[in-house]
Number of protein chains: 2
Amino acid sequence: MRLSTKGRYAVTAMLDLALNGTEGPVTLADISENQGISLSYLEQLFAALRSKGLVRGVRGPGGGYYLGREADEISIADIICAVDEWVEFTRCKGRQNCQDGQRCLTHSLWDDLSQQIFIFLSDITLQDLVQRGEKREAERLEKKAATAAVSKVVGLKGRAA
Amino acid sequence: MRLSTKGRYAVTAMLDLALNGTEGPVTLADISENQGISLSYLEQLFAALRSKGLVRGVRGPGGGYYLGREADEISIADIICAVDEWVEFTRCKGRQNCQDGQRCLTHSLWDDLSQQIFIFLSDITLQDLVQRGEKREAERLEKKAATAAVSKVVGLKGRAA
DNA sequence: TAGTATCCGAGCAAATTACTGGGTAATTGC
DNA sequence: GCAATTACCCAGTAATTTGCTCGGATACTA
């Protein structure tokens with residue numbers, strides 16, 4: 001799992017789509033204008049998103065992009081995975097002492113952590129973000145609840161400080 | 001919050017330190033060997049970690065690195081923040097329509113998300129990962145022992161007619 | 001047929017990643 | 001003191017990624 005600016009661009013663009021695409025498709029030119037991302041870079045991102053079925057393009061005048069699925073069926077993890085491909089962190093493949101021994105322990109631990117972050121981001125949908133935008137008053141409470149829920153799901157209790 | 005390979009390297013190295021540094025300091029050469037990271041790159045990472053007080057270096061023969069604090073006082077977020085500086089996603093700073101309007105809504109939403117991930121990673125300490133590793137190791141040994149015991153009982157031979 | 005917009009791909013500047021190689025400073029054992 | 005060891009430091013640099021410019025082709029609307 002990676003969290004880079006590329007992924008942020010994609011999430012931001014998809015969020016723009018979810019917010020403004022309620023009636024009719026949204027053009028990349030609009031998103032480019034709104035979010036300050038170059039059109040060609042958006043095209044690249046949306047090519048990846050399209051190949052994963054996360055968006056649906058409509059050509060011609062009046063065209064643009066729709067979400068490929070309902071907003072509550074698209075998770076942040078879906079988006080990030082579509083544009084930021086998953087790099088395996090298995091440098092030790094084939095190295096000695098790295099089969100089942102202590103050497104590789106840290107690697108598998110990181111993989112676990114990565115997996116948990118993935119689960120975390122899989123539980124947040126575009127719809128969640130839209131709703132968060134709609135009601136900002138309960139923001140802090142919601143955040144707290146979300147974090148608690150995640151801890152519960154993930155099962156990794158933190159230090160009780 | 002960013003999640004890059006650089007951060008992974010740092011977390012993995014710190015985990016190595018937590019695992020192998022129980023008696024005496026650990027040299028970067030060892031970590032380099034264990035984790036397959038170049039020595040000089042480790043030096044760069046550890047310079048950043050040291051400046052944040054996450055590790056403590058000891059020079060001379062028999063020297064190396066200690067954790068700067070107890071393992072349960074070092075979070076994954078601490079480590080990642082030390083090496084992967086926090087890039088603000090505020091491209092829109094100064095752009096029109098981006099003060100408090102709809103245009104900037106997606107940005108603040110992402111900031112919220114980023115914050116949640118930060119909180120999530122702040123709640124996971126090195127100690128948590130070590131314990132997870134121990135548990136995993138224990139399960140593995142247990143499984144092996146159980147398998148061995150079963151083999152002994154069953155005999156592991158003969159046609160299971 | 002003209003205009004709009006997605007699609008597509010080559011190329012490129014800037015930044016980041018990860019490394020090489022040159023050292024210096026502190027500490028240890030002889 | 002002397003040599004070995006290790007952290008520490010810094011300049012350079014190849015490889016990769018990021019984000020963009022440019023020039024098109026294809027599909028659709030009017």
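Throughout, a chain's letter reflects where its sequence line sits, starting with A, and its residues are numbered from 1. Not measured: the values here are computed from a predicted model.
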field: Qualifying residues under side-chain hydrogen bond (donor to acceptor under 3.5 Å, both in side chains), relative to D30(B), sequence neighbours excluded
entry: T27(B)

query: So how far off straight is the helix from dT1(C)-dA30(D) to dC30(C)-dG1(D), going by the axes through five pairs at either end, to 10°?
result: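 Computed from the C1' atoms at both ends, the axes differ by 20°.
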
query: Which part of the nucleic acid, if any, lies within reach of T27(B) when heavy atoms closer than 4.0 Å are counted: base, sugar-phosphate only, or nothing?
result: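 Since only primed, P, OP1 and OP2 atoms lie under 4.0 Å of T27(B), the category is sugar-phosphate.
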
task: Indicate, with a heavy-atom threshold strictly under 4.0 Å, whether L28(A) touches base, sugar-phosphate, or nothing.
output: sugar-phosphate

Would you be so kind as to tabulate the donor-acceptor pairs closer than 3.5 Å made by side chains of residues 45-69 of chain A, with sequence neighbours excluded?
| unit_1 | atom_1 | unit_2 | atom_2 | d |
| --- | --- | --- | --- | --- |
| S51(A) | OG | A48(A) | O | 2.7 |
| R69(A) | NE | E73(A) | O | 3.1 |
| R69(A) | NH2 | E73(A) | O | 3.0 |
| R69(A) | NH2 | D78(A) | OD2 | 3.2 |

Heavy-atom side-chain contact between I31(A) and T12(A) under 4.5 Å: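 Result no, sub-4.5 Å side-chain heavy-atom pair not found.
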
Nucleotide nearest S4(A) (side chain, heavy atoms from C-beta), chosen from dT20(C), dT17(C), dT18(D):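 From the listed options, dT18(D) comes nearest.
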
- request: Name the residue closer to the 5' end of DNA chain D, choosing between K6(A) and S40(B) according to the nucleotide with the nearest heavy atom.
  value: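 Mapping each residue to its closest nucleotide by heavy atoms, the 5'-most match is S40(B).
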
Taking [atom1] from [X] and [atom2] from [N], how many angstroms apart are they, rounded to a whole number?
X	N	atom1	atom2	value
I31(B)	dC8(D)	CD1	P	12 Å
D30(A)	dT4(C)	CG	P	14 Å
Y41(B)	dT16(C)	OH	P	12 Å
L3(B)	dT17(C)	CG	C1'	16 Å
L39(B)	dA7(D)	CG	C1'	10 Å
I37(A)	dT18(D)	CD1	C1'	13 Å
R2(A)	dT16(D)	CZ	C1'	10 Å
I80(A)	dT17(D)	CD1	P	17 Å

Got a second to check how far [X]'s [atom1] is from [Y]'s [atom2], nearest 0.5 Å?
X	Y	atom1	atom2	result
I119(B)	Q115(B)	CD1	CD	5.0 Å
D123(A)	S75(A)	CG	OG	8.5 Å
I80(B)	M1(B)	CD1	CE	4.5 Å

query: Among all residues two or more places apart in sequence or in another chain, which pass the salt bridge (charged side-chain N to carboxylate O under 4.0 Å, His left out) test with D112(A)?
result: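 Scan of D112(A) (salt bridge (charged side-chain N to carboxylate O under 4.0 Å, His left out), adjacent residues dropped) gives R132(B), R136(B).
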
task: Could I get the full list of side-chain contact (heavy atoms from CB on, under 4.5 Å) partners for Q127(B), not counting sequence neighbours?
output: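 Counting only residues at least two positions away or on another chain, Q127(B) forms a side-chain contact (heavy atoms from CB on, under 4.5 Å) with A71(B), D72(B), T125(B), Q131(B).
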
task: Write out all pairs satisfying ring pair (Phe, Tyr, Trp, His ring centres under 6.0 Å) with one or both partners inside residues 16-44 of chain B, taking only residues at least two apart or from two chains.
output: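 Counting only pairs at least two positions apart or across chains, the ring pair (Phe, Tyr, Trp, His ring centres under 6.0 Å) contacts touching residues 16-44 of chain B are Y9(B)-Y41(B).
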
message: Between T5(A) and dG19(D), is there a contact of a side-chain N or O with OP1 or OP2 at under 4.0 Å?
response: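 Yes, within the criterion.
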
task: Can you sort out which residues in residues 42-66 of chain A have a heavy atom within less than 4.0 Å of DNA chain D? Ascending by number, please.
output: Q44(A), R59(A), G60(A), P61(A)

